[in-house]
Every structure is written in structure tokens, then in C-alpha cells.
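For this chain, numbers begin at 1 and follow the sequence in order.
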Amino acid sequence: QVQLEESGGGLVQAGASLKLSCAASGRTFSNSAMGWFRQTPTKEREFVASITGGGNGPNYGESVKGRFTIFRDKDKNTVYLQMIRLKPAGTAVYYCAARLVPSGSSSSGDYNPWGRGTQVTISS
């Protein structure tokens, strides 16, 4: 069974850093584009970042550019999201997701499967 499992979320103060991890199991995602999205109870799922199957061409949502970095370790079948200078508006459940093709996308509908998410809470 293919699974994605996020970890690394938590409660931090504004300005702090966090690194999220997304570990894949059940199959290798070495040739799959991976993405991070986030969602709050009152907003639609928002694109955060994506990376191609080759580990190139990272793409970021406008609100996180310059502060978040997506990267992957193919040997560990894991993708990461390094977040710095966190803002309270970034409080959300963060999800990782995979595509079955190498090209990245900012559209949540292009991804399947999805992880169950990890909560990130940023206090002011």
C-alpha cells in the first residue's frame, strides 16, 4: 500500500524555523514530482511548493518564496520542506502529495496520493 507520512510539525513562535519531512513507503517515488500544500478550516488548500522527479525546478507559492525550500533525498524516499521566518498566517495543516509523473504542478488536483498532514501552528 502506497503511503505518504508527514512529520516535523509543531507549535513555534513567529520568526522561527521548522523542517517538515514526508516519507514515502510502498513504492519508490524517485521519478515522481512531489508537492507540499497547506490548509486551514476556513480556506481552500493552498499550494506551497513542488519539486520535479529529477529534484530540479522547485516552484513556490507567492506567500512563501524566499522563506521555504523544498528538497528531496531519493535514497531515503523522502521530501522535505525547510521553513524559515515563519509567520502566524502560515498556521495550517501541511500536506505532502505525489504525482505519478516527473513534472511538478501547483494544482492540488494533479496529485495523488496524499499524506494525512502535520499541524504547524505559529504564534505571534
Discussion item. So does Phe29 get a backbone contact from the side chain of Asn77, meaning a donor-acceptor N/O pair under 3.5 Å?
Written reply: yes
Practice prompt. Indicate yes or no for a side-chain donor-acceptor contact from Lys74 to the backbone of Ser30 under 3.5 Å, with no hydrogens or angles considered.
Written response: yes
Worksheet item: Does the side chain to side chain donor-acceptor pair (under 3.5 Å) test come out yes or no for Glu5 and Ser7, once each step is laid out?
Response: CA-CA 7 Å; Glu5 184 173 3; Ser7 61; over 6 Å; no
Discussion item. Check the orientation of Phe37 and Tyr111. Use parallel for under 30°, tilted for 30 to 60°, and perpendicular for over 60°.
Written reply: perpendicular
Worksheet item: Is the backbone of Gly35 close enough, under 3.5 Å, to the side chain of Ser50 for a donor and an acceptor to pair up by distance?
Response: no
Discussion item. Test your reading of the model: is there a side-chain donor-acceptor pair from Glu6 to the backbone of Gly117, 3.5 Å cut-off?
Written reply: yes
Worksheet item: Arg72 side chain to Thr52 main-chain N or O, any donor-acceptor pair under 3.5 Å?
Response: yes
Fill in: Proximity of Phe47 and Tyr60 rings by center, below 6.0 Å
no
Item to complete: Go through the steps for Ser108 and Glu44 under the test side chain to side chain donor-acceptor pair (under 3.5 Å), then give the verdict.
Response: CA-CA 10 Å; Ser108 61; Glu44 292 185 355; over 6 Å; no
Practice prompt. Using modelled atom types only, decide if a donor and an acceptor are shared between the side chain of Ser32 and the backbone of Arg99 within a distance under 3.5 Å.
Written response: yes
Worksheet item: So which heavy atom on Cys22 is nearest to which on Leu4, and how close?
Response: SG-CB, 4.0 Å
Worksheet item: Hey, is CD on Gln39 packed in by over 12 heavy atoms from elsewhere, all under 6.0 Å?
Response: yes
Item to complete: State, with a plain yes or no, whether a side-chain heavy atom of Leu20 is found less than 4.5 Å away from one of Thr118.
Response: yes
